[in-house]
Amino acid sequence: PVRPTATSSKAPRGVAVISKWRQNKDGSVSGFISGSPAFEDGDAITTSPITKGEVEGGSVVQTGSGSRYYLDDSQAKSATESLFALFGSDSKSSPAPVVSKPVVSNAAEERARKAAAVKAEAQRKREEAAERAAAAKAEAQRKREEAAERAAAAKAEAQRKREDAANAAAERAAAAKAEAQRKREEAEAKRQAAAEAAKQRTLEAQRKRDEAAAKRAAAVKSSQAEKKIAKAPSGATISLFGFGANKDEAAVTRPVRPTATSSKAPRGVAVISKWRQNKDGSVSGFI
């Protein structure tokens with residue numbers, strides 16, 4: 001038969017077109033294909049049994065293996081228009097008009113059957129090859145997508161690790177800064193404590209020196225008073241104010257001497273009688 005050279009403009013993009021088609025008893029479709037990467041335009045093919053779609057002109061059908069075809073509106077008008085008409089047909093299309101055809105001998109019919117079987121096998125192999133190619137392409141696409149997902153996950157993980165490292169470094173820096181500040185404050189507190197302790201030691205030392213000086217001065221005054229009392233004549237009035245000062249500052253008078261002494265005075269201790277305490281804390285009286 002004459003092979004068609006054009007595809008239907010109604011076919012979806014990427015779907016091969018079968019024209020001059022007929023549906024066979026097993027549910028397959030025979031006709032001439034165009035727009036397929038696996039066949040040349042005009043090749044006669046028989047598909048696998050159709051499992052999806054309405055087998056009618058202008059529809060897209062699909063075989064059990066997943067191959068899709070567009071059936072154009074040009075069905076085979078007679079059995080002679082299809083290479084596979086020798087096997088008869090159970091087409092769902094409108095009955096083909098009756099035409100006369102030559103008587104075919106059994107030998108010729110057998111050869112035709114064999115040729116059709118060979119061609120159908122070749123078609124099957126091409127379809128299988130096309131399916132394998134499509135599966136390989138889909139597998140390659142899947143692997144590329146998985147590789148892209150792994151790369152994206154690895155990139156995200158690397159970014160997370162960088163952020164974690166940066167956060168950890170910032171925390172360590174903040175902790176180190178806080179520790180340094182704590183040490184500075186601790187050192188300053190120690191320095192102030194040491195300075196205060198040194199000040200207190202200085203004050204304590206000065207207090208002790210002042211106490212020692214006061215004790216020495218009191219001892220000197222006491223010694224001078226004892227010496228002065230020992231040297232004073234009996235019955236003299238002695239002012240104890242100013243002991244330890246210049247001799248001219250001590251006033252000594254000679255009033256009338258008393259005639260009696262206290263019997264309660266310890267042995268060896270001078271007695272002052274008729275005494276009175278002055279405002280400055282000194283005592284005046286008769287010795």
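This one's a predicted model, so the numbers in the text were calculated from it and none came from an experiment. Position 1 is the first residue of the sequence; numbering continues from there. Any value given below was found using the heavy atoms of this structure, including those in side chains, with hydrogens, waters and symmetry copies removed.
Remark: side-chain polar atoms of Ser273 are not paired, donor with acceptor, to backbone N or O of Gly285 under 3.5 angstrom.
Arg207 has a carboxylate O that lies under 4.0 Å from a charged side-chain N of Glu211, or vice versa, which qualifies the two as a salt bridge. Contact check on Glu188 versus Arg191 returns a salt bridge, with a Lys/Arg side-chain nitrogen under 4.0 Å from an Asp/Glu carboxylate oxygen. Taking the charged nitrogens against the carboxylate oxygens, Glu204 and Arg201 have no contact shorter than 4.0 Å, which rules out a salt bridge.
Here CG of Leu71 is found 14.0 Å from NZ of Lys20. Values are rounded to the nearest 0.5 Å. Note: Thr47 OG1 to Gln23 CD = 9.0 Å, rounded to the nearest 0.5 Å. Interatomic distance, CD of Glu185 versus CD of Gln192, reported as 11.0 Å (0.5 Å rounding).
The shortest non-hydrogen separation linking Gly57 to Trp21 is N-CZ2, 3.5 Å. Considering every non-hydrogen atom in both Tyr70 and Val15, the closest pair reads N-CG1, 3.6 Å. In terms of heavy-atom proximity, Asp43 sits nearest to Phe39 at OD2-CB, 3.8 Å.
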Derivation of the side-chain contact (heavy atoms from CB on, under 4.5 Å) call for Leu203 and Gln200: CA-CA 5 Å; Leu203 293 175; Gln200 293 299 324; 4.3 Å; yes
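Among Arg160, Lys161, Gln159, the one residue that satisfies the side chain to side chain donor-acceptor pair (under 3.5 Å) test with Glu163 is Gln159.
Around CD of Glu128, the count of heavy atoms belonging to other residues, nucleotides or ligands within 6.0 Å exceeds 12.
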